[in-house]
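Report on the structure given below.
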Amino acid sequence: MLRFRFAAICFAAATICPHSTATAADLAPSEPPPNIIYIMSDDMGYSDIGCYGSEIDTPNLNALADQGIRYTQFYNTARCCPTRASLLTGLYPHQAGIGHMMNDRGYDGYRGDLNRNCVTLAEVLKPAGYRTYLSGKWHVTKQIRPQNEADKHNWPRQRGFDRFYGTIHGAGSFFDPNTLTRDNQYISPADDPEYGPEDQSNGTFYYTDAIADHAVRFINEHHFETGDQPFFMYVSFTAAHWPMHALEKDVAKYKGKYDAGYDAVRAARYQKMIDLGVIDPNATTLFPIPENAKETEFWEWDKRNMEVYAAMIDNMDQGIGRIVDALRDTGQFENTLICFFQDNGGCAENYGRGGKGVDRAKTATLPELPNNYLQGNMQPKQTRDGFPVRTGKGVMAGPADTYIGYGRAWATVSNTPFREYKHWVHEGGISTPLIVHWPAKVTRHGELEHTPGHLVDLMATAVDVSGADYPAVFHGGNRINPMEGKSLVPTFAGQPIEREAIYWEHEGNRAIRVGDYKLVAKGAKGKWELYNIAADRSEQHDLADEQPERVESLAAMWQAYAERADVLPINPNKKGKKK
């Protein structure tokens, strides 16, 4: 068990929605409502975990899949903060105010902050008697440098969570993350009275470990302090988002693992995915990795980047194992619904990969930072012990003084066998694993579920299994947008879900899926492409010219969605005219 200091902390009184008096007792369930844990990873591709085809060691996720359900056609929104907005609210991201990133672009769909016409999972589940916890990345507010308490109006505690440990901002060092917060106050990882070296792996702060350790802490404290009350917990890992940072003990495991090169690793994944049944070989193909994406002169360096990337995922899986163990140790495992998924596809961004890097200095060249120093930059200028943070080709990823992404070629491997990456709404940008595990209710063990779904469905699922009421009015009388998703509960028993369509838009990239057909375009002025996903999920054979009437019909549906869901104007600039 983790040895947190001052672990017995008094919880703040739950804030119950003023319009509702619902409690767990009022629901009068025939059996206790389940705990709900939603676990999300960051910037990972569809094939990056073992039970979806990877060579990376993920035994804990594999075990959940073996005793649960794997969904083969589940979707996110193609980008970090819009996905988080959809997950938290059950709406499409523009409806929650986060159609792009964390800046105000002058229109209601692009404010860069959760609006007051949505409710979070925590705000919905608390009136139903749930305690609510969040460990990890928030990234749904632009207020990362608050000047007063009012600026924290969209921080986790202000949006329904009883406890929070994590980061407000969207990216940062794994050894010294910016905006690290406990409950409602920034903290330094080097000066934390509740999570010190004796609590950490090898005495080293590593953010993935810290996220998992605090999730375990919340489970244990909940069990011992709140009795039989159910809980909702959102575990929001930053693995495996750049920078490629990992503990050397985890990296060592993958030394030489990628010597065969991009194409060989991708081909092996593809075959394993076919063997597992998560893809159809008749509907997919291994189109070539672009040659200009592959490193030649710096191959040894890029091979190391993938070794570190694998280590990041491995470490996250270890943390998920500790979370599962905590549930078992406290007798809460059987009646806990666990869902694991990812926020977007593999990331082809070129962060830290430009130019040639310099070697690490033999000794520190900068003053050490005091323990209480709050590191405020996404990319730190230096490590706490005085080494400059380095980027560029040849800088071997892993340690705290590096800041490197893994690049387009490895992102193509992550997204095997799908097209495009994070940002785009082709299948490589939006396809995610979904593992559902709930021993008390899900009896389909190791089965595949092919029903298409989307992150907006997870709010409806939580409402369904908890008995909670999704409000029409909240936040002091504000009208709340109706849920867009469908409960996944019928699929737990192999039953279908009826829905009209699934929609996407990000940075002008847009799509709609109706049945097996998907209409998709790159960029605000891009031409519509049409694919039959059942026959061509790799999106290699555009049917738009052959089926113009279907293109016209689906485009009209997408336009109607865009008009009602605050998507328009598409991708406004930062100086867009305000309503």
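By convention here, the first residue in the shown sequence is residue 1.
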Report yes if some heavy atom in the side chain of [X] is under 4.5 Å from a heavy atom in the side chain of [Y]; otherwise report no.
X      : Y      : result
Phe474 : Val124 : no
Asp192 : Phe205 : no
Ile211 : Lys137 : no
Leu519 : Trp558 : no
Asp542 : Tyr531 : yes
Tyr195 : Asp209 : yes

**Trace of the side-chain contact (heavy atoms from CB on, under 4.5 Å) decision for Trp138 with Leu88** = CA-CA 10 Å; Trp138 183 235; Leu88 283 164; 3.7 Å; yes
**Prompt:** So does Lys527 have more than 12 non-hydrogen atoms from other groups sitting under 6.0 Å from NZ?
**Reply:** yes
**Request:** Report, as yes or no, whether the 6.0 Å neighbourhood of atom CD on Gln559 holds more than 12 heavy atoms from other residues, nucleotides or ligands.
**Result:** yes
Using only heavy-atom distances, determine whether the side chains of [X] and [Y] contain a donor-acceptor pair under 3.5 Å.
X      : Y      : answer
Asn154 : Arg116 : yes
Ser236 : Tyr38  : no
His153 : Gln143 : no
Arg537 : Ser431 : yes
Ser54  : Asp48  : no
Asn60  : Asp317 : yes
His222 : Arg131 : no

Hey, what do you get for [atom1] ([X]) to [atom2] ([Y]), rounding to the nearest 0.5 Å?
X      : Y      : atom1 : atom2 : value
Leu458 : Met40  : CG    : CE    : 9.5 Å
Cys118 : Gln95  : SG    : CD    : 9.5 Å
Leu114 : Lys142 : CG    : NZ    : 10.5 Å
Asn415 : Lys422 : CG    : NZ    : 12.0 Å
Leu530 : Ile533 : CG    : CD1   : 9.0 Å
Tyr46  : Ser414 : OH    : OG    : 14.0 Å

**Message:** Checking Ser173 now: which residues fulfil side-chain hydrogen bond (donor to acceptor under 3.5 Å, both in side chains) with it, not counting sequence neighbours?
**Reply:** none
So, for [X] and [Y], is the gap between ring centers shorter than 6.0 Å?
X      : Y      : answer
Tyr92  : Tyr561 : yes
Phe164 : Trp155 : no
Tyr133 : Tyr165 : no
Tyr130 : Phe232 : no
Phe74  : Phe341 : no

**Message:** Does the structure place the NZ or CZ of Arg510 under 6.0 Å from the centre of the six-membered ring of Trp528, at an angle of no more than 45° from the ring's axis?
**Reply:** yes
Whether [X] side chain and [Y] backbone form a donor-acceptor pair below 3.5 Å:
X      : Y      : answer
His214 : Ala210 : yes
Gln375 : Asp176 : yes
Glu420 : Val425 : no
Arg353 : Gly405 : yes
Glu507 : His423 : no
Ser86  : Leu91  : yes
Glu427 : Phe418 : no
Asp343 : Asp43  : yes
Arg105 : Tyr110 : no
Asn35  : Phe231 : yes

If every non-hydrogen atom of [X] is compared with every non-hydrogen atom of [Y], which pair is closest and at what distance?
X      : Y      : answer
Gly99  : His94  : CA-CD2, 3.5 Å
Tyr309 : Gly45  : OH-N, 4.0 Å
Trp504 : Asn76  : NE1-O, 2.8 Å
Leu125 : Ala468 : CD2-CB, 4.0 Å
Asn178 : Gly172 : OD1-CA, 4.1 Å
Gly319 : Ala212 : CA-CB, 3.5 Å

**Arg157/Glu149 salt bridge by N-O under 4.0 Å criterion** = no
**Prompt:** Does Asp42 pair with Arg84 as a salt bridge, N-O distance under 4.0 Å?
**Reply:** yes
**Worked check of side-chain contact (heavy atoms from CB on, under 4.5 Å) between His454 and Arg513** = CA-CA 11 Å; His454 187 281; Arg513 178 166 174 178; over 6 Å; no
**Partner set under side chain to side chain contact (heavy atoms under 4.5 Å, CB included) for Ala246, not counting sequence neighbours** = Tyr206, Val251, Val308, Ala311, Met312
**Stepwise side-chain contact (heavy atoms from CB on, under 4.5 Å) check, Thr391 with Gln379** = CA-CA 10 Å; Thr391 62; Gln379 179 184 322; 3.8 Å; yes
**Item:** Candidate list Glu529, Lys518, Lys522, test side-chain hydrogen bond (donor to acceptor under 3.5 Å, both in side chains), partner His426, passing option
**Value:** Glu529
**Item:** Steps toward side-chain contact (heavy atoms from CB on, under 4.5 Å) verdict (Cys339, Trp438)
**Value:** CA-CA 9 Å; Cys339 298; Trp438 183 10; over 6 Å; no
**Request:** Could you check Arg479 against Asn481 for side chain to side chain donor-acceptor pair (under 3.5 Å), going step by step and ending with a plain yes or no?
**Result:** CA-CA 7 Å; Arg479 180 188 62 82; Asn481 288 316; 3.2 Å; yes
**Request:** Please test His169 against Arg145 for side chain to side chain donor-acceptor pair (under 3.5 Å), starting from the C-alpha separation and ending with a verdict.
**Result:** CA-CA 10 Å; His169 187 48; Arg145 292 182 174 85; over 6 Å; no
